[in-house]
Amino acid sequence: EAQVTQNPRYLITVTGKKLTVTCSQNMNHEYMSWYRQDPGLGLRQIYYSMNVEVTDKGDVPEGYKVSRKEKRNFPLILESPSPNQTSLYFCASKGRGAGQETQYFGPGTRLLVL
Amino acid sequence: AQTVTQSQPEMSVQEAETVTLSCTYDTSENNYYLFWYKQPPSRQMILVIRQEAYKQQNATENRFSVNFQKAAKSFSLKISDSQLGDTAMYFCAFMKHPSNFGNEKLTFGTGTRLTIIP
């Protein structure tokens with residue numbers, strides 16, 4: 001089954017404790033992206049990757065890092081989480097080329113930073 | 001930069017009725033895609049329907065259809081014969097036509113929470 005998976009689905013942590021949210025897709029998609037969803041703000045892009053070893057900032061990158069060492073994986077790293085990073089996080093992937101305009105989303109990761 | 005506006009934070013409708021969700025956007029691009037995503041209580045983001053800007057014909061998917069007015073930069077979603085399972089948050093989203101080097105991000109509106117009343 002074609003899908004994007006994220007782990008963990010729920011996470012409670014404390015300020016300053018490094019964490020990683022994993023994202024993996026099995027559709028051989030070149031493009032991957034992270035979004036955060038906050039009430040009243042919709043979804044906003046954090047980082048994106050056009051392909052392996054090619055990453056760039058989105059609209060709200062402060063406090064986050066990413067890496068893309070393999071095509072299928074795109075982890076999101078919070079090196080020193082703060083309470084304002086409490087949010088719902090989505091990973092998405094997309095093929096490139098004609099007819100591949102749809103982005104496929106993972107199930108989301110709900111993060112609470114105390 | 002693109003912006004997407006959903007002016008109806010919440011809506012409710014009786015089961016089996018028709019409801020229309022509004023979306024307007026602002027862009028200087030001529031070629032782009034528009035999407036409606038559904039987010040049920042499970043929080044999963046589910047694609048409902050998409051529209052290519054260069055296609056004049058409005059997209060339809062079963063009970064879901066759009067009214068795309070390019071000149072007015074309007075992209076409304078109509079749900080016919082609404083069902084209890086349609087209860088969800090609905091997001092309108094914009095994407096520039098992909099290029100070889102550009103960011104293919106989705107720009108989202110703030111969402112409309114739709115409740116179908118039994």
Side-chain angles (χ1 to χ4, degrees), chain A residues 1-6 8-10 23 25 27 29-51 54-61 66 74 87-111, chain B residues 1-10 21-26 29 31-55 59 61 88-113:
Chain A
E1 179 191 355
Q3 61 182 352
V4 179
T5 58
Q6 293 179 227
R9 296 288 310 279
Y10 304 91
C23 173
Q25 50 93 6
M27 294 170 279
H29 285 164
E30 293 87 356
Y31 183 88
M32 296 185 75
S33 183
W34 278 101
Y35 295 85
R36 61 177 288 174
Q37 180 182 354
D38 302 291
L41 297 177
L43 284 78
R44 295 174 292 166
Q45 189 186 55
I46 303 170
Y47 266 94
Y48 68 97
S49 170
M50 303 289 277
N51 214 324
V54 181
T55 64
D56 205 349
K57 297 176 181 178
D59 295 322
V60 287
V66 293
F74 189 45
S87 188
L88 177 60
Y89 291 87
F90 287 99
C91 180
S93 75
K94 172 186 177 298
R96 307 196 70 209
Q100 299 197 72
E101 61 275 0
T102 298
Q103 296 205 20
Y104 297 89
F105 284 83
T109 295
R110 184 170 290 281
L111 172 65
Chain B
Q2 286 66 231
T3 60
V4 177
T5 301
Q6 294 179 251
S7 58
Q8 305 153 312
E10 295 188 13
L21 309 183
S22 300
C23 173
T24 59
Y25 59 94
D26 189 25
E29 302 286 332
N31 202 3
Y32 48 87
Y33 296 91
L34 294 163
F35 304 85
W36 279 98
Y37 278 88
K38 170 185 178 181
Q39 186 180 51
S42 66
R43 301 294 188 180
Q44 179 72 44
M45 294 291 286
I46 302 166
L47 177 67
V48 175
I49 199 165
R50 68 171 177 261
Q51 174 79 42
E52 298 169 72
Y54 66 88
K55 288 188 176 180
E61 289 286 343
M89 180 76 89
Y90 288 81
F91 289 99
C92 179
F94 170 101
M95 185 179 77
K96 291 192 299 184
H97 191 279
S99 65
N100 285 334
F101 305 104
N103 184 4
E104 299 178 24
K105 77 171 183 180
L106 289 164
T107 299
F108 286 88
T110 52
T112 296
R113 186 173 301 281

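Here is how names work: the chains are called A, B, and so on, in the same order as the sequence lines, proteins then strands, and each is numbered from 1. Only a predicted model underlies this, so the values are computations on that prediction, with no experimental measurement involved.
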Which atoms of Q103(A) come close to chain B, meaning under 4.5 Å heavy atom to heavy atom: side chain ones, backbone ones, both, or neither?
both
Check the pair E104(B), R96(A) against side-chain contact (heavy atoms from CB on, under 4.5 Å), reporting the backbone distance first and the verdict last.
CA-CA 9 Å; E104(B) 299 178 24; R96(A) 307 196 70 209; 2.8 Å; yes
Minimum heavy-atom distance Y37(B)-T102(A), with the two atoms named:
OH-CG2, 4.3 Å
Options H97(B), E52(B), M45(B), M89(B), ranked by heavy-atom pairs under 4.5 Å with chain A, top entry:
M45(B)
Who wins among G58(A), G106(A), G108(A) for the most heavy-atom pairs under 4.5 Å with chain B?
G106(A)
Contact part of Q6(B) toward chain A, heavy-atom cut-off under 4.5 Å: side chain, backbone, both or neither?
neither
Could you list all the salt bridge (charged side-chain N to carboxylate O under 4.0 Å, His left out) pairs where at least one residue sits in residues 40-50 of chain B, not counting sequence neighbours?
E101(A)-R50(B)
Nearest 0.5 Å, please: how far is OH in Y48(A) from CG in L106(B)?
13.5 Å
For residues 40-50 of chain A, which residue pairs pass the salt bridge (charged side-chain N to carboxylate O under 4.0 Å, His left out) check, not counting sequence neighbours?
D38(A)-R44(A)
Atom NZ of K57(A) and atom CG of N103(B): how far apart are they, to the nearest 0.5 Å?
13.5 Å
side-chain hydrogen bond (donor to acceptor under 3.5 Å, both in side chains) evaluation trace for Q39(B) with Q37(A):
CA-CA 11 Å; Q39(B) 186 180 51; Q37(A) 180 182 354; 2.8 Å; yes
Of the backbone (N, CA, C, O) and the side chain (C-beta and beyond), which part of L43(A) lies under 4.5 Å from a heavy atom of chain B, both, or neither?
both
Check whether L47(B) gets within reach of chain A through its side chain, its backbone, both or neither, counting any heavy atom under 4.5 Å.
side chain
Are the side chains of F90(A) and Q44(B) in touch, meaning some heavy atoms are under 4.5 Å apart?
no
Counting only heavy atoms from other residues, nucleotides and ligands, does the tally under 6.0 Å from CZ of R113(B) exceed 12?
no
Once you round to the nearest 0.5 Å, how far does CG of D59(A) lie from OG1 of T107(B)?
6.5 Å
